[in-house]
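Numbers for residues simply follow the sequence, beginning at 1. Values reported hereafter were calculated over all heavy atoms of this structure, with side chains retained and with hydrogens, waters and symmetry mates removed.
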Amino acid sequence: MNVLRHTISLVSLGTFQLGRRMKSQHFRGFLLGTGLGLSTFATVTYAQAEAAKVNRKLNTSKYMAEPITDQSVLLSDEDNMRHRMELMIMEIQAQFCRALETEEYSGQKFKVDRWMRQEGGGGVTCVLQDGDVFEKAGVNVSVVTGSLPPAAVQQMRARGKELTENVKLPFFASGVSAVIHPRNPHVPTIHFNYRYFEVELPDGTKQWWFGGGTDLTPYYLDESDARHFHKTLKSACDEHDTTYYPKFKKWCDDYFHIKHRNESRGIGGIFFDDIDEPNQEAAFNFVTGCARAVTPSYLPLVQKHKNDAYGNKERQWQLLRRGRYVEFNLIYDRGTKFGLYTPGARYESILMSLPLHARWEYMHAPNEKSKEYDLVQVLQNPKEWV
C-alpha cells in the first residue's frame, strides 16, 4: 500500500508540474484522458501545501535572539494566543532596541542574553549600559510557565481573580518590559510593560487576561514633551475605544503614586490590568497598538534633548529622582513582586529596571522658585495633558 501511495504521489506531482506548462483547457483534457481526475490533482496540491508548512521558518533576524518557544511549535499553531503574543513582544523588543541604538554616538549596542528557566520557559534580556546617551537601558522579554506560588495567588485574589488557594494552578505568562535611564537629565526616563497571562483552574478551564502600560518620568518638566507623549498614547487608545485613555490615564496616576512620599513617580501615561474584553482578539489588538506606540511617543524626546547642556546641579537632582524610582519599584511594583515570588526567578532580569546610579539626601526640598520645584508640584498634583 505504501508503494502504491508513493507511486501515485510521483505520478501526481509530475502531472501537476506538467499542468503548469500547459494551457488550462488542454490540461483538463489531459487529466480526463489519463484517468487521473481532479481528485488526484487536489491531493498533490494539499500535499504540497502541507510540505510548505513543514518547511517554513521564522525570519529570526528581525528579533534580538531566537524566540523562547521552538519555531516548529510557533508555526504549527499560529492562532494560539500564546504564540501570537510571543512573536509580537519579540518584535517590539527588537524595534525598540534598534531605535535606541541609533541614538548612541559611538555605536554602543545592546548586550543580548537569551536564558532558559528550569521550571519552564525563558526569556531574552537586552541591556545597554554606560552609553553616551543611555546610562542604562534594559528591554526584557519573558515567556514562562510553572505553578503559581501562594503569594502570587493571594495578590491576584486581592484584585478580584477567582482563584482557589492551596491547590496547584499552572500558569503561562509572557511579556515585554523596558526601563530606559538616560544620561542627560533633560531626557526623561520611560517605562513600559505589555503582558499576557493564563491560569489553568482545577476543573481544566482557563482564565486569561492582558495587562500593560507606558509611563514617563522626567527630571525637568517640558510641557510640550508631556503633551506629545500623552497625545501619542491617547491616539493608540482611541483607535480601539475612546473611553480607554481617560480611564487608563487615571489608573496610571493612581498606580504610580509613591504613598509614603505623597507624590507620583512621574507624569503618568496609561496603565491597565485584567483586560479580558470585549474578546481575546480585540484585547490583543489593543495591547499590540499600545506597544507599537512606545517608540513614537519617546524617541522624539530623546532626539530633542540628548544634546541639552547641564551641570552638576541637574545631575544631582536626576540622581535624587532616581532614588524615588527605586523606592517605588522595590516597595510597590506588582510586576517586581510577582517576579521575586516566582520559583526559579531570574533576579538580574527582574532588577534590570533599577538605575546604574541613584542618590538619597536627608530632608531634601527644592527651592520654591526653581525648575525642580515646578516638577514636584506636578508630581503632587497630576495634570491632564490632552
Side-chain angles (χ1 to χ4, degrees), residues 65-74 76-90 92-93 113-125 138-178 193-213 255 271-277 279-280 283-284 287 329-353:
E66 287 271 343
I68 301 305
T69 304
D70 187 84
Q71 286 192 39
S72 61
V73 176
L74 290 172
S76 67
D77 189 5
E78 294 181 82
D79 293 331
N80 188 315
M81 186 53 68
R82 294 186 178 194
H83 302 164
R84 295 176 68 188
M85 188 68 182
E86 180 172 352
L87 294 178
M88 186 273 280
I89 59 180
M90 291 289 296
I92 293 297
Q93 179 189 49
D113 183 10
R114 185 180 185 275
W115 49 273
M116 300 302 291
R117 180 171 168 271
Q118 185 176 355
E119 292 77 7
V124 179
T125 298
V139 189
N140 187 54
V141 156
S142 59
V143 181
V144 299
T145 58
S147 295
L148 283 178
V153 174
Q154 291 176 7
Q155 186 188 96
M156 292 175 182
R157 283 171 58 87
R159 64 176 203 265
K161 292 299 178 187
E162 296 180 1
L163 301 178
T164 306
E165 293 187 280
N166 303 316
V167 297
K168 184 178 180 181
L169 294 173
F171 79 91
F172 168 87
S174 62
V176 56
S177 60
N193 174 284
Y194 291 97
R195 56 196 177 273
Y196 173 69
F197 214 96
E198 285 183 2
V199 178
E200 185 176 334
L201 305 180
D203 63 2
T205 61
K206 290 181 180 179
Q207 287 189 22
W208 60 265
W209 64 89
F210 293 89
Y255 179 77
F271 176 86
F272 53 87
D273 210 348
D274 304 322
I275 298 295
D276 57 5
E277 55 183 25
N279 55 63
Q280 194 175 56
F284 173 73
V287 168
N329 281 26
L330 295 183
I331 297 173
Y332 300 112
D333 187 65
R334 287 211 312 252
T336 301
K337 288 182 177 181
F338 176 80
L340 296 176
Y341 290 155
T342 304
R346 194 169 191 273
Y347 303 115
E348 288 292 333
S349 296
I350 295 168
L351 298 175
M352 74 168 192
S353 64

Just how far is it from atom [atom1] of [X] to atom [atom2] of [Y], taken to the nearest 0.5 Å?
X: K206; Y: D203; atom1: NZ; atom2: CG; answer: 12.5 Å
X: D276; Y: W208; atom1: CG; atom2: CH2; answer: 5.5 Å
X: T336; Y: L351; atom1: OG1; atom2: CG; answer: 7.0 Å
X: Y194; Y: I89; atom1: OH; atom2: CD1; answer: 13.5 Å
X: D333; Y: N193; atom1: CG; atom2: CG; answer: 8.0 Å

List the residues meeting side chain to side chain donor-acceptor pair (under 3.5 Å) with [X], not counting sequence neighbours, and say none if there are none.
X: Y196; answer: E198, Q280
X: E348; answer: none
X: S76; answer: none
X: N279; answer: none

Restricting to non-hydrogen atoms, name the atom on [X] and the atom on [Y] that form the minimum distance, rounded to 0.1 Å.
X: S147; Y: K168; result: OG-CE, 3.1 Å
X: G121; Y: I68; result: C-CG2, 3.9 Å
X: R114; Y: E66; result: NE-O, 3.0 Å
X: L169; Y: L201; result: CD2-CA, 4.3 Å
X: T145; Y: R117; result: O-NH1, 2.6 Å
X: A283; Y: I275; result: CB-CG2, 4.0 Å

**side-chain contact (heavy atoms from CB on, under 4.5 Å) between V287 and M85, worked out** = CA-CA 10 Å; V287 168; M85 188 68 182; 4.3 Å; yes
A side-chain contact here means heavy atoms from C-beta on lying under 4.5 Å apart; do [X] and [Y] qualify?
X: V143; Y: M90; value: no
X: L74; Y: P67; value: yes
X: M352; Y: S177; value: yes

**Item:** ring pair (Phe, Tyr, Trp, His ring centres under 6.0 Å) partners of Y255, counting only residues at least two apart
**Value:**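 Here the qualifying residues are F271, F328.
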**Note: D77-R82 ion pair, threshold 4.0 Å (strictly below)** =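 Salt bridge absent between D77 and R82.
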**Prompt:** Going by atom types only, do S353 and N329 share a side-chain donor-acceptor pair under 3.5 Å?
**Reply:**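 Yes, N329 and S353 have a side-chain donor paired with an acceptor closer than 3.5 Å.
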**Request:** For the pair Q93 (side chain) and V124 (backbone), establish whether a donor and an acceptor sit closer than 3.5 Å, ignoring hydrogens and angles.
**Result:**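 Yes, because the side chain of Q93 sits within donor-acceptor range (under 3.5 Å) of the backbone of V124.
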**Prompt:** Side chain of Q207, backbone of E200: donor and acceptor closer than 3.5 Å?
**Reply:**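 Not confirmed, Q207 side chain does not pair with E200 backbone.
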**Prompt:** side-chain contact (heavy atoms from CB on, under 4.5 Å) between V199 and W209: does it pass, once the steps are laid out?
**Reply:** CA-CA 9 Å; V199 178; W209 64 89; 3.8 Å; yes
**Request:** Could you list the residues that satisfy side-chain contact (heavy atoms from CB on, under 4.5 Å) with S349, not counting sequence neighbours?
**Result:**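 For S349, the residues satisfying side-chain contact (heavy atoms from CB on, under 4.5 Å) (neighbours in sequence not counted) are W115, T125, N140, R346.
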**Request:** Show the numbers, then the answer: is there a side chain to side chain donor-acceptor pair (under 3.5 Å) between S174 and E86?
**Result:** CA-CA 7 Å; S174 62; E86 180 172 352; over 6 Å; no
**Worked check of side-chain contact (heavy atoms from CB on, under 4.5 Å) between F210 and R195** = CA-CA 6 Å; F210 293 89; R195 56 196 177 273; over 6 Å; no
**Asked** Should the pair F197 and F171 be assigned to parallel (<30°), tilted (30 to 60°) or perpendicular (>60°) ring geometry?
**Response**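 Parallel: the ring planes of F197 and F171 meet at under 30°.
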